[in-house]
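Residue numbers run from 1 in the order of the sequence given.
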Amino acid sequence: MMSQPLTADDLYRFEIPGDPDLSQDGSRVAYVLTRQDRDRDSASAAIHVVPTAGGAPRRLTNGPADGAPRWSPDGSMLAFLRAGQLHLISADGGEARPLTTEQSRPGGAGPAAWSPDGTRIAFAAVDAVRDPKAPVVADDLGWKADGAGLLGTARSQVFVVEVASGLVEQLTAGPDDCGAPAWSPDGTRLAFAARSGPGPEYLGTSAPYVLAVRPDVEPGREPAARERVGAGIPLTAAVAWAPDGTALLVTGRTTVSVGHLHLLRQPLDGSAPVQLAAELDRNVMPGAPGYPGAPAQFHGRDVLFAVRDRGASRLCVLPAGASAEPGEPRYLGLPPGLSVSGAKVSQPAGVAAFVFADGSSFGEVGVVDLESGKFRRLTEHMESALPDARLPEYRQREFALTDGGVVPGWTVRDPAAPAGGPLLVDVHGGPHNAWGPQADPVHLYHHELVARGWTVLILNIRGSDGYGEQHYRAAVGGWGRADERDVLEPVAALVDEGLADPARIALTGYSYGGFMSCWLSARSEIFAAVVAGGVVCDLHSMAGTSDEGQAVSALEVGGKDALTACSPMTHVDAVRVPTLILHGAADDRCPAGQAEQWFHALKTRGVRVRMVLYPEASHLFILNGRPSHRTDYTRRLVDWVTAHTAA
C-alpha cells in the first residue's frame, strides 16, 4: 500500500482517461482526460494524444468540456465535440474550428463517424430544441430521458455534415429514435439502430436499419427512406459493417426479453441472423456510462468485442467472424483483473488501444498486439495525479448459500485492521451490473471507511452480470424475494468468521441497490444503519413515472401482483432502522417521488429518517454530476453509518 487513504476531497485530484480512439495507422491514441473543477463545480475535459510507440501524452485541446475524439481516415485531424457541436483540429495542434454551429445544428451534434474518404461526417443528434418554457407535448412514452430531461416529441435522428463546407443534411425523420450511424466500407450507406416499428412502444424495441447516402450534402432535402435489415433482431444496441459490405455485425437480442446481449451476424439479404460466440455464455458489452465495454468491430475478418466476465469487462477475439462458420472465441491475454472501457482497432498495425482500470489505477491508456497478445501501458495518470494515494485490498470470496447457490464477491479492507469491526454491505445497481476488484473512483466512501477500520462487502448477487445468463436472469420476476438471501447469508458468514461485529452492520446501495436497501431494511433486523441512494420503493408508481418504468415492470418484475409483492412499500411497516435517503432531484430513471414516498412512509411511522435531494441531479449524478454533490454524497454516507454504528 501507499501512504494516504483517499477521501471525498481527493475527487478534485483525479485525472481519468476515457473514450479512446486509435489512428488508422496505429501510431497515436486520442482520448479524453477528465478532471473535476472545484471552482466551476463541474468536470473539465480536454483531448490528449499519446504515441503507441512510447512517450509522454500531450494535451491537444484546451477544454474545458471537449470530448468524443475521432481520427480522420488519413490521421491528419481529429473531430471532437465542444459545447455540443462538432469541431476539427489538426493532429499537430493549433486552433480548433467549428464544423457545426448553433445556426446549422440548433440541437447540437453527436460523436463523429467519418466517411471512408474523409469528406463527410455522420452523427446522431436530437432533431429539435424544445423551448423550456413551452408546453411539453407527448405522443408516446419516449417524452423524457434521464440526463436529457423533457424531450416532448423531439427524437434522435441521423445527420451528415460536409467537412469542407460545414453544410448539414438531416437524413432521417419521424417519431423513432435513431442511434449512432456506421458507414459501409464503400461509403454509400449508413447503418444504425432505430425503433423497430409496430409493437408495444414501452418495451423500447429497436432494429438494425440501412440508409443509402447521396454523394452530395444538401440542407433541407427530403430525408431518404431507410430499410430494416431482416426481422429477427428486435433489440439492437450497436451495429458495424462486415468488411465486404454484405452483412452487419449487430450487438443485440433476437427476443424481447431480459438476458445477455449477443453478437449477431445479420446478412443484408434479410435472412435470419446468426448468433456468434454463444459458447462463451457472457453478455456482450458495447459500453455505456457505468457499464464498461467496447463496440464490436472487425479486424480483417476477425471480430474484436468485449464481454463481462466475473467482475471485469474483457476483450475477446472471434477468428473469421465474417465467415459462415467462425472459429472459437478466445479472451485476449491481458493482465488478470484488468477491465476495459472503450477499444479501437488499427487494421494496418494489428493492434487495439483502450482505456483500462485495475487494482492500482482508476484508468490508464493501453495497447495490445492482437496477434501476440503483448500488452503495453501508455500512460501513468494515477501516479502523476495521486502519487500518495493508498488503495484498499480486494479479497475475492465465494459464499455458499442454503439453497445450493453460490454468491461471488469481495471483501475490501485494510489487512492491518483488527477483525470484528464494523461492516458496510454495498449492493450494486442494474440489477444487471456487477462489482469488480478494480480501483473505484465513484464509491469513495469505501476508501474512507476502510481507512477507519471498516470492512466493505460487495457481492454479485443473483441478477449480476458476468456469470452466465442463468445467473443474469435469476431474479427476474422476483426482485428482493429471489436475491435477499444473497446478501443476508454472506453477512451472516462474515459474522460467524468473526470478521464483522453483528451490532455494527450498515447497508447501502444505489438504484437497484437503493431498492434492495429499502427491501432489506423491511425484511431483516440485522442492520444498524441504512443509506439508500437512487431509491425505488413502489414499483406501481415507478412503472408510470420512470423513463424506463413500463419496460422494467413488464420484463423485469411482471404483472400487478408481482409489482405489489416486490415493492418495499408493501413491507414498510416492519422498518425500524435509521435511514438516510440520497437522491437526484432531476432523476428520471428512479424518479425523486420514490425517495419522497419512502421518506414520508418512514417519517409517519416514527422511524429516524433524513432525505437529501440534489438539485438538477440526474440518476447518474454519482458518476458524472457536480463534484460538490458527489463529495457531499460520500461525506453524508460516512457520517450516517459511523454515527449509527458507534461501538
Taking every non-hydrogen atom, the tightest pair across Ala112 and Arg70: O-CG, 3.3 Å
Side chain to side chain donor-acceptor pair (under 3.5 Å) contacts touching residues 41-60 (sequence neighbours left out): Asp41-Ser628
Ser76 and Asp74 side chains, donor-acceptor separation under 3.5 Å: yes
Distance (rounded to the nearest 0.5 Å) between Arg626 CZ and Glu616 CD: 5.5 Å
Point-to-point distance, once rounded to the nearest 0.5 Å, from CD of Glu380 to CD of Glu15: 12.0 Å
Those residues that, when tested against Ile16, pass side-chain contact (heavy atoms from CB on, under 4.5 Å) (two or more places apart): Phe14, Phe362, Pro441
For Phe305, ring pair (Phe, Tyr, Trp, His ring centres under 6.0 Å) partners two or more places apart: none
Sub-4.5 Å side-chain heavy-atom contact between Phe80 and Val32: no
Contacts of type side-chain contact (heavy atoms from CB on, under 4.5 Å), residue Ala294, not counting sequence neighbours: Ala306, Leu315, Ala343
Sequence neighbours excluded, every pair satisfying ring pair (Phe, Tyr, Trp, His ring centres under 6.0 Å) that has a member inside residues 341-361: Phe356-Phe375
Validation row: Gln438, Ser339 side chains within 4.5 angstrom (heavy atoms): yes
Pairs touching residues 281-294 that satisfy side chain to side chain donor-acceptor pair (under 3.5 Å), sequence neighbours left out: Arg282-Asp309, Asn283-Asp465
Rounded distance [0.5 Å steps], CD in Glu469 versus NE2 in His260: 5.0 Å
Verdict with supporting geometry, Leu33 and Thr379, side-chain contact (heavy atoms from CB on, under 4.5 Å): CA-CA 11 Å; Leu33 190 65; Thr379 63; over 6 Å; no
Over 12 foreign heavy atoms within 6.0 Å of CZ, Arg395: no
CD-OG1 distance between Glu497 and Thr455, expressed to the nearest 0.5 angstrom: 10.5 Å
Whether Thr100 side chain and Ala109 backbone form a donor-acceptor pair below 3.5 Å: no
salt_bridge(Lys344, Asp21) N-O dist < 4.0 Å: yes
Candidate pair Arg390 and Asp414, rule salt bridge (charged side-chain N to carboxylate O under 4.0 Å, His left out), full reasoning: CA-CA 10 Å; Arg390 189 176 90 188; Asp414 184 343; 3.6 Å; yes
side-chain contact (heavy atoms from CB on, under 4.5 Å) partners for Ala30, two or more places apart: Ile47, Val49, Pro69, Trp71, Leu78
Exercise: identify the closest heavy-atom pair between Asp19 and Ala68: OD2-CA, 3.1 Å
Side-chain heavy atoms of Pro329 within contact of Glu279, under 4.5 Å: yes
Tyr614 side chain reached by Arg630 side chain, heavy atoms, under 4.5 Å: no
Any donor-acceptor N or O pair under 3.5 Å, side chains Arg310, Asn460: no
Closest non-hydrogen atom pair, Gly179 against Ala124: O-CB, 3.5 Å
Distance in Å, His447 NE2 paired with Leu6 CG, rounded so as to fall on 0.5 Å steps: 5.5 Å
Results of ring pair (Phe, Tyr, Trp, His ring centres under 6.0 Å) for His381 - residues two or more places apart only: Tyr31
Min side-chain heavy-atom separation Val163-Val161 under 4.5 Å: no
Audit row: Arg397, Leu494, side-chain contact (heavy atoms from CB on, under 4.5 Å) steps and yes/no: CA-CA 11 Å; Arg397 298 291 304 265; Leu494 294 188; 3.6 Å; yes
Test side-chain contact (heavy atoms from CB on, under 4.5 Å) applied to His299 and Gln347, step by step: CA-CA 6 Å; His299 167 49; Gln347 178 70 30; 3.3 Å; yes
Residues which pass ring pair (Phe, Tyr, Trp, His ring centres under 6.0 Å) with Trp640, listed by chain and number, not counting sequence neighbours: His644
Closest approach of Ala586 to Asp146 (non-hydrogen atoms, all atoms of both residues): O-OD1, 4.0 Å
Pairwise distance CG(Leu580) to CG(Asp639) - rounded to 0.5 angstrom: 9.5 Å
Gly453 to Pro422 - nearest heavy-atom pair and separation: O-CD, 4.2 Å
Residue pairs fulfilling side chain to side chain donor-acceptor pair (under 3.5 Å) with at least one residue in residues 421-431, sequence neighbours excluded: Asp426-Tyr445, Asp426-His446, His428-Ser464
Audit row: Leu11, Asp9, side-chain contact (heavy atoms from CB on, under 4.5 Å) steps and yes/no: CA-CA 5 Å; Leu11 178 70; Asp9 281 334; over 6 Å; no
Partner set under salt bridge (Lys or Arg N to Asp or Glu O under 4.0 Å) for Asp10, not counting sequence neighbours: Arg13
Counterpart residues, ring pair (Phe, Tyr, Trp, His ring centres under 6.0 Å), relative to His432 (two or more places apart): Tyr472
